[in-house]
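Okay, so here's the structure we're looking at.
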Amino acid sequence: MENQNINDTNDLIKRRFEELSQLYEKGFEPFAYGYDVDSYSKSIKNNFEELDQINVKIAGRIMAIRRMGKASFTTIQDKEGRIQIYLRKDDVGDEYDAFKLMDIGDIIGVEGYVFKTKTGETSVHVKSMKLLSKSIRPIPIAKETTDEEGNKIIHDQFTDRELRYRQRYVDLIVNPEVKDVFKKRSAIVTTIRSFLDTNEFVEVETPVLQPIYGGAAARPFVTHHNTLDMDLYLRIADELYLKRLIVGGFDRVYEISKDFRNEGIDKTHNPEFTMLELYVAYKDYNWMMKFVEQMVEYVAVKVFGKTEFEVYGTTIDFKGPWIRLSMVDSIKEKTGLDILTATKEELKTKLKKYGVELEDGASKGKMIDELFGAAVEPSIVQPTFVVDYPIEISPLAKKHRTKEGLVERFEGYVLGREICNAFSELNDPIDQRERFSSQSEMREAGDDEAHQIDEDYLRAMEFGMPPTAGLGIGIDRLVMLLTNQPTIRDVILFPQMRSEK
RNA sequence: GGGCGCAUAGCUCAGUGGUAGAGCAUCUCCCUUUUAAGGAGAGGGUCCCUGGUUCGAGCCCAGGUGCGCUCACCA
């Protein structure tokens, strides 16, 4: 067979095309239609006592071959892990000749009985085998050894980060711990859903394509609908649509979905990321703090069986109640400055001490936020709710019931990083219109992250919106913490990369 | 966007101006309980790209591309 549709050939690939032709010539079908699997690697190893000498059918990818003339040991990898199989020419006959044409990377199905080798490794003694898919592109080879203390040492591990992210399928094949992270991610999301479902939430879906974007301070992606001939934005948040549903009478709603922000990429930012937003009618941010504690603790225990985690070398305990830290008090404590009475000049001077310089047009709220980020944020280690934020940077949050200039808002921090954002939602349409107006002024002054006025959202609120508590949690960042992954790219299967070439 | 670093065989990496290297993988031969199996032999390269310096460049210089780390911005 000629090389077809495969551009970057090398000798290894050419060789595999030759093997493919030989298989066809010998009457083997190298790409099968199915295989009735009844067992999996790890389960077989875990249940050896019951399965000893019992027949099993397994399938998986060949990860290692140790040929010894007319017999061979092969390691195959299935969804659960790896197991060794033992092939003898006496047992499989002609199939052994076909096996000579198989390679690391091929996917095979085998049937045989479970046994232990002389060296004590649980294996499958193959009676018949079938090639299920020929691999024509060689996978990166890594080998494993175990040292005296029983630690696994991996030799020639596939480590090129660029290739691992671009070709995640290869990464998943050869680096099993990567798969574990994504299985954990899946379990975390599933567990959050079940927690919310048992708390009587309704999961909804709101538009990704929005004529007016809002709900966060960020720059959007712009796209265009041809038939409507209108520009649309990819959402930066779900917030304004979910609160319309609160107006409509859904008392508890949530959405887990992708948001898109047209901003920089680094180890905590990907242009598309997964957000959980939820809204609860008749509750406030005090209620929400307790709810977050419960939810995170529930997920930690359900998925990991513990509340204490080793994260980047520090032990973090997610067990509630979390620390409450007033933004005003904590800044006063760290800097001696009372931000409620401080002038912009005083803030500017103080910021300079921390090496932060802002543009002249920066609002007082922005300066306070920056000062907090520089002076307090890095010192937060254990799960902490930072409460009560400046009104200027919180246009959708309700004014604090007792504290002038602040809103009822909190952010959850762990290890100096924000993991959630919540507030008593602003439900006064007159106040909301004023907030949008001042955002609009900031916009005209050049802040392209300031909110646009959303007239339809205001109209919804004018019909009457119950008091509501709202919450947003960045799922990617939560997963990073719980799985101890240093970059967001390690918890996103296909992170955004520049185009190849 | 700024600074620093990296790019050599399928994979992991050596190679500081003079014939392109190693281990694993691949191929041939031997080997029916091995496990980084073993023994004997062989093949395999756009040294990221484009220019420059030089008698001669994987190596030195300039520009570019991609990636990583870091700072800034942001969730």
Side-chain angles (χ1 to χ4, degrees), chain A residues 8-16 18-19 63-75 82 84-92 96 100 103-105 115-121 123 125 135-147 152-166 170 174 215-219 236-237 259-277 355-359 369-370 373-374 411-413 417-421 449 472-478 480 486-489 495 497-501:
Chain A
D8 50 339
T9 56
N10 57 44
D11 283 355
L12 299 179
I13 291 175
K14 284 187 187 126
R15 171 68 199 170
R16 294 200 174 190
E18 284 165 24
E19 288 171 343
M63 299 304 289
I65 302 177
R66 292 177 288 280
R67 300 181 196 269
M68 295 171 299
K70 296 182 182 63
S72 297
F73 284 96
T74 295
T75 304
R82 296 182 182 184
Q84 175 172 272
I85 61 171
Y86 178 52
L87 289 156
R88 295 202 315 188
K89 190 170 168 64
D90 290 352
D91 296 313
V92 297
Y96 198 80
K100 286 180 178 166
D103 293 290
I104 292 170
F115 77 111
K116 260 191 182 156
T117 62
K118 279 181 186 169
T119 50
E121 177 153 354
S123 310
H125 190 126
S135 164
I136 56 175
R137 194 181 283 275
I139 61 170
I141 305 296
K143 293 202 173 186
E144 250 180 45
T145 47
T146 311
D147 67 12
K152 274 185 185 169
I153 301 167
I154 299 177
H155 304 264
D156 300 334
Q157 186 167 25
F158 180 56
T159 53
D160 185 311
R161 297 181 80 81
E162 178 174 2
L163 289 179
R164 289 180 54 202
Y165 296 139
R166 287 191 194 277
V170 178
V174 302
R219 284 193 296 273
I236 58 171
D259 287 349
F260 307 85
R261 298 190 185 174
N262 205 342
E263 289 165 349
I265 296 175
D266 63 27
K267 63 182 181 182
T268 55
H269 297 83
N270 195 62
E272 56 180 293
F273 61 102
T274 302
M275 190 74 155
L276 161 65
E277 285 196 34
V356 182
E357 291 208 43
L358 294 174
E359 293 153 24
D369 196 38
E370 287 291 332
E411 292 192 351
Y413 279 86
R417 299 182 183 196
E418 182 196 332
I419 60 159
C420 72
N421 184 17
E449 292 187 352
I473 294 186
I475 296 295
D476 310 277
R477 290 183 179 180
L478 180 66
M480 281 172 69
T487 83
I488 199 166
R489 291 184 155 182
M497 304 285 279
R498 275 179 216 278
S499 57
E500 287 184 74
K501 287 175 192 173

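Labels below follow one simple rule: chain letters A, B, ... track the order of the sequence lines, proteins then strands, and each chain is numbered from 1.
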Give me the atom names and distance for the closest heavy-atom approach of A:I473 to A:C420.
CG1-CB, 3.6 Å
In whole angstroms, how far is the P atom of B:G43 from the NZ atom of A:K14?
16 Å
A:R166 to A:M497 - nearest heavy-atom pair and separation:
NH1-CB, 3.7 Å
Please classify the nucleic acid contact of A:N421 as base, sugar-phosphate, or nothing, using heavy-atom distances under 4.0 Å.
nothing
Touch class at under 4.0 angstrom, heavy-atom based, for A:S72 against every strand present:
nothing
Contact class for A:E121 vs. all strands (heavy atom < 4.0 Å): base, sugar-phosphate, or nothing?
base
May I have the distance from A:Y86 (atom OH) to B:A37 (atom C1'), rounded to whole angstrom?
13 Å
Considering all heavy atoms of both residues, which atom of A:R82 and which atom of A:M63 are nearest to each other, and what is their separation?
NH2-CE, 3.4 Å
B:C60 versus B:U54 - spacing of their C1' atoms, nearest Å:
10 Å
Between B:U16 and B:G43, how far is it from one P atom to the other, in whole Å?
26 Å
Is the phosphate of B:C67, meaning OP1 or OP2, less than 4.0 Å from a side-chain N or O of A:R489?
no
Here the distance between atom P of B:A37 and atom CD of A:E144, to the nearest Å, is 11 Å
For the P atoms, the ones on B:U19 and on B:A57, what distance do you get once it is rounded to whole angstrom?
12 Å
Distance check, P atoms only: B:A20 and B:C47, in whole angstrom units.
11 Å
Write down the protein N/O and nucleotide N/O pairs, taken from nucleotides 70-73 of chain B, whose separation is under 3.5 Å; answer none if there are no such pairs.
unit_1	atom_1	unit_2	atom_2	d
B:U70	OP1	A:K267	NZ	3.2
B:U70	OP2	A:K267	NZ	3.1
B:C73	N4	A:D266	OD2	3.0

Please determine, for B:G44, whether a Watson-Crick or G-U wobble partner exists with both distances under 3.5 Å, and give it or none.
none
Any strand is fair game: report the nucleotide pairing with B:C60 by Watson-Crick or G-U wobble, both distances under 3.5 Å, or none.
B:G52
Residues passing the side chain to side chain contact (heavy atoms under 4.5 Å, CB included) test with A:E370, sequence neighbours excluded, are A:L351, A:V356, A:L358, A:K366
Can you tell me the pairing partner of B:A37 across any strand shown, Watson-Crick or G-U wobble, with both distances under 3.5 angstrom?
none
Which part of the nucleic acid, if any, lies within contact of A:R166, taking any heavy atom under 4.0 Å across all strands shown: a base, the sugar-phosphate backbone alone, or nothing?
sugar-phosphate
Determine, for nucleotides 23-28 of chain B in 5'-to-3' order, which nucleotides have protein heavy atoms under 4.0 Å from the base (write B), from only the sugar-phosphate (write S), or from neither (write -).
BSSSSS
OH of A:Y96 versus P of B:C31: gap in Å, rounded?
11 Å
Using whole Å, report how far CZ of A:R82 lies from P of B:A36.
13 Å
Has the side chain of A:T117 got a donor or acceptor that lies under 3.5 Å from a partner of the other kind on the base of B:U34?
yes
Nearest whole Å is fine: how far is B:U34 P from A:F115 CZ?
10 Å
Measure across A:M480 and A:T487 and return the closest heavy-atom pair with its distance rounded to 0.1 Å.
CE-C, 3.8 Å
Nearest-Å distance once atom P is located in both B:A14 and B:C71:
26 Å
Under the salt bridge (charged side-chain N to carboxylate O under 4.0 Å, His left out) test, residues paired with A:E19 that sit two or more places apart:
A:R15, A:K134
Applying the Watson-Crick and G-U wobble criteria at under 3.5 Å, what pairs with B:G1? Answer none if nothing qualifies.
B:C71
Applying salt bridge (charged side-chain N to carboxylate O under 4.0 Å, His left out) to A:D91 and not counting sequence neighbours gives A:R88, A:K127
Starting the side chain at C-beta, find the nucleotide from B:U34, B:C11, B:U12 nearest to A:P140.
B:C11
Write down the distance separating the C1' atoms in B:G45 and B:A25, rounded off to the nearest Å.
16 Å
Find the partner of B:U19: check Watson-Crick (N1-N3 plus N6-O4 or O6-N4) and G-U wobble (N1-O2, O6-N3) distances, both under 3.5 Å, and reply none if neither fits.
none
Work out which heavy atom in A:M275 is nearest to a heavy atom in A:I475; give both atom names and the distance.
C-CG1, 4.3 Å
Under 4.0 Å between any heavy atoms, over every strand shown, what does A:R417 touch: base, sugar-phosphate, or nothing? Just pick one.
nothing
With C1' as the reference atom in both, quote the distance from B:A9 to B:G21 in angstrom, rounded to an integer.
10 Å
Where does the angle between the aromatic ring planes of A:F115 and A:Y86 fall among parallel (under 30°), tilted (30 to 60°) and perpendicular (over 60°)?
tilted
Taking pairing as Watson-Crick or G-U wobble with both contacts under 3.5 Å, can you name the mate of B:U65, or confirm there isn't one?
B:A7
A:S123 vs A:A217, nearer the 5' end of RNA chain B by closest nucleotide:
A:S123
Show the nearest heavy-atom pair for residues A:V174 and A:I139, with the distance to one decimal.
CG1-CD1, 4.2 Å
Classify A:M275 by what it touches in the nucleic acid, base, sugar-phosphate, or nothing, heavy-atom distance under 4.0 Å.
nothing
Using atom C1' in both nucleotides, what's the gap between B:U32 and B:A37 to the nearest angstrom?
14 Å
Judged by each residue's nearest nucleotide on RNA chain B, which is more toward the 5′ side, A:R66 or A:E411?
A:R66
Sugar-phosphate only, base, or nothing, as touched by A:N270 at under 4.0 Å among non-hydrogen atoms
base
Whole angstrom value for the distance that separates P of B:G68 from CD of A:E162
7 Å
Restricting to salt bridge (charged side-chain N to carboxylate O under 4.0 Å, His left out), what partner residues turn up for A:D369, sequence neighbours left out?
none
A:Y165, nearest nucleotide to its side chain (from B:C13, B:C11, B:G68)
B:G68
Let's see if you can work this out: which of B:C67, B:A36, B:U34 has an atom nearest to the side-chain heavy atoms of A:Q84?
B:U34
If you measure from CD1 on A:I85 to OG1 on A:T74, what distance do you get to the nearest 0.5 Å?
5.0 Å
Approximate separation, where rounding is to 0.5 Å, of A:E263 CD and A:I236 CD1
8.5 Å
Between P on B:G38 and CZ on A:F73, what's the gap in Å once rounded to a whole number?
14 Å
